[in-house]
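Note sheet for the following structure.
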2 protein chains.
Amino acid sequence: MNIGQAARLSGVSSKRIRHYESIGLLQPARRTGANYRSYSERDVHVLRFINRARELGFGIDPIRELLSLWSNRRRSSAAVRSLAARHLEDIDGRIAGLEEVAKTLRTLVKQCQGDDRPDCPILGALEHP
Amino acid sequence: MNIGQAARLSGVSSKRIRHYESIGLLQPARRTGANYRSYSERDVHVLRFINRARELGFGIDPIRELLSLWSNRRRSSAAVRSLAARHLEDIDGRIAGLEEVAKTLRTLVKQCQGDDRPDCPILGALEHP
DNA sequence: GATCCACCTTACCATCATGGGAGGGTCAAG
DNA sequence: CTTGACCCTCCCATGATGGTAAGGTGGATC
C-alpha cells in the first residue's frame, strides 16, 4: 500500500511517516517503480505502536528504545518498566509545575474584580513578587 | 547599566533580553558610544514583570498584551482577568491531558512485573489499543 | 603602554516534532 | 488526453531559549 493508506490505517500522517524514516526511527520503506513508498500490514502495525507511544507522550528517542525492546525476545520487562517509569516521573513533574502555576493563577483570577476599573491584583502580582 | 547587570537584577538572561528586543517585546535599548545596550531601573522593572509573566507560563504574545494593559491607565481589570482566565483554561487543559496520560502510564507500570522475563503489559498496550 | 579578563556585539545553528507549501512526477478513471 | 488524487523532495516555520563563534570594549594590573 502507498503512504496515504498506511497513514489512514495507522493514524500517523504521511508527513510524520516520512519524517520518522528520515530520522531513522523507521527503516527506509521499499519503493515502487515510480519511487513511491510501499508499506505492509506489518509496517502499519509498527506505525500504530509508535503512534500510541507518542500519544502517551514518549519522545522519539525513548520510542527508539521501546521499538528495540519490542522486537527483542530476550528483553526484560524491567527494562521496559524502567523506561515507562522514568517517563511517568517526567510527566508527574510537569503536572506538578503546571499545578503550581494554575494555583497561583486561579487565586489571582478570583481576586480580580473583572470590571471597568483598572485596579487588578494580577498586574500587581506581576509587578511586585 | 549594561545588559549583564540588567540580566542579574531582573532574572532575565542577556540572551533573552536581546531576543525580546529583537522580536519587539521590548523597545530597542539606548546605546553607549561603544554600542553597548544601556538600561535603567525602569527597564529592569519591566524585565522583572516579563519574567514573572513567563514564570506563570504566559506566552510572548499574551505578555505583549499584559504590558500594554499594564501601561494603560484606562485599562479595565476585566481585560486583564480575561487574559489570565484564558491562560488558566489552557493550563488546566494541559494538566488534564497529562493527568490522563499519567493515569494510563501509572496503571501499566503497576501491572508490569519488572523482572527478567520479557512479558510486559506496557508493550502489550502499545501494540494493541 | 601592554596584557589580561570580563564583558559586550552580531550572527548563525540547535532544540522537538510537526505542519505547510512549492514545484513537479504518477496513476487511474472518464 | 485530461482531470484529480495521489506521490515525491526540499525548504521554511513554529516557541523560546541556549550554545557558540568571531570579534570589539573597558578597566585593572604589571
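In what follows, chains carry the letters A, B, and so on, assigned in the order in which the sequence lines appear, proteins first and then strands, with residues in each chain numbered from 1. For clarity, every value in this text was computed on a predicted model and none was experimentally measured.
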Heavy-atom check, side chain of [X] versus side chain of [Y], under 4.5 Å:
| X | Y | value |
| --- | --- | --- |
| A/Leu126 | B/Arg48 | no |
| A/Leu123 | B/Arg75 | yes |
| A/Met1 | A/Leu9 | yes |
| A/Phe58 | A/Leu66 | yes |

Would you indicate what [X] reaches in the nucleic acid, counting non-hydrogen atoms under 4.0 angstrom: base, sugar-phosphate, or nothing?
| X | result |
| --- | --- |
| B/Arg54 | sugar-phosphate |
| B/Thr32 | nothing |
| B/Ile23 | nothing |
| B/Tyr20 | sugar-phosphate |

Out of [options], whichever nucleotide has its closest atom nearest the side chain of [X]:
| X | options | answer |
| --- | --- | --- |
| A/Ser14 | C/dT26, D/dA16, D/dC7 | D/dC7 |
| B/Tyr36 | C/dT9, D/dA16, D/dC7 | C/dT9 |
| B/Arg8 | C/dT9, D/dC8, C/dC7 | C/dC7 |

Specify the separation, in whole Å, of atom [atom1] of [X] and atom [atom2] of [N].
| X | N | atom1 | atom2 | result |
| --- | --- | --- | --- | --- |
| A/Met1 | D/dC6 | CE | C1' | 16 Å |
| B/Lys15 | C/dC13 | NZ | P | 13 Å |
| B/Ile17 | D/dG18 | CD1 | C1' | 15 Å |
| A/Asn51 | C/dT18 | CG | C1' | 13 Å |
| B/Tyr39 | C/dC7 | OH | C1' | 14 Å |
| A/Arg37 | C/dG25 | CZ | P | 17 Å |
| B/Asn35 | C/dT9 | CG | P | 7 Å |
| B/Ile60 | D/dT14 | CD1 | P | 13 Å |

Would you please test A/Arg86 and A/Ser82 for side chain to side chain donor-acceptor pair (under 3.5 Å) and show each step? CA-CA 6 Å; A/Arg86 222 172 317 146; A/Ser82 143; 3.0 Å; yes
Are OP1 or OP2 of [N] and a side-chain N or O of [X] less than 4.0 angstrom apart?
| X | N | value |
| --- | --- | --- |
| B/Ser13 | D/dT17 | no |
| B/Arg31 | D/dT25 | no |
| B/Arg16 | D/dA16 | no |

Once you round to the nearest 0.5 Å, how far does CD of A/Glu100 lie from CG of B/Leu56?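 CG of B/Leu56 is found 10.0 Å from CD of A/Glu100.
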Here's a test of your reading of the structure: between B/Ala34 and B/Pro62, which maps to the more 5' nucleotide of DNA chain D? B/Pro62
Between B/Ser77 and A/Asp115, is there a side-chain donor-acceptor contact under 3.5 Å, judged purely by atom types and distance?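 B/Ser77 and A/Asp115 do have a side-chain donor-acceptor pair below 3.5 Å.
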Donor-acceptor check, side chain of B/Gln111 to backbone of B/Ile122, threshold 3.5 angstrom: yes or no? no
Can you pull out how bent the helix from C/dG1-D/dC30 to C/dG30-D/dC1 is, comparing the axes over its first five and last five pairs, to 10°? 30°
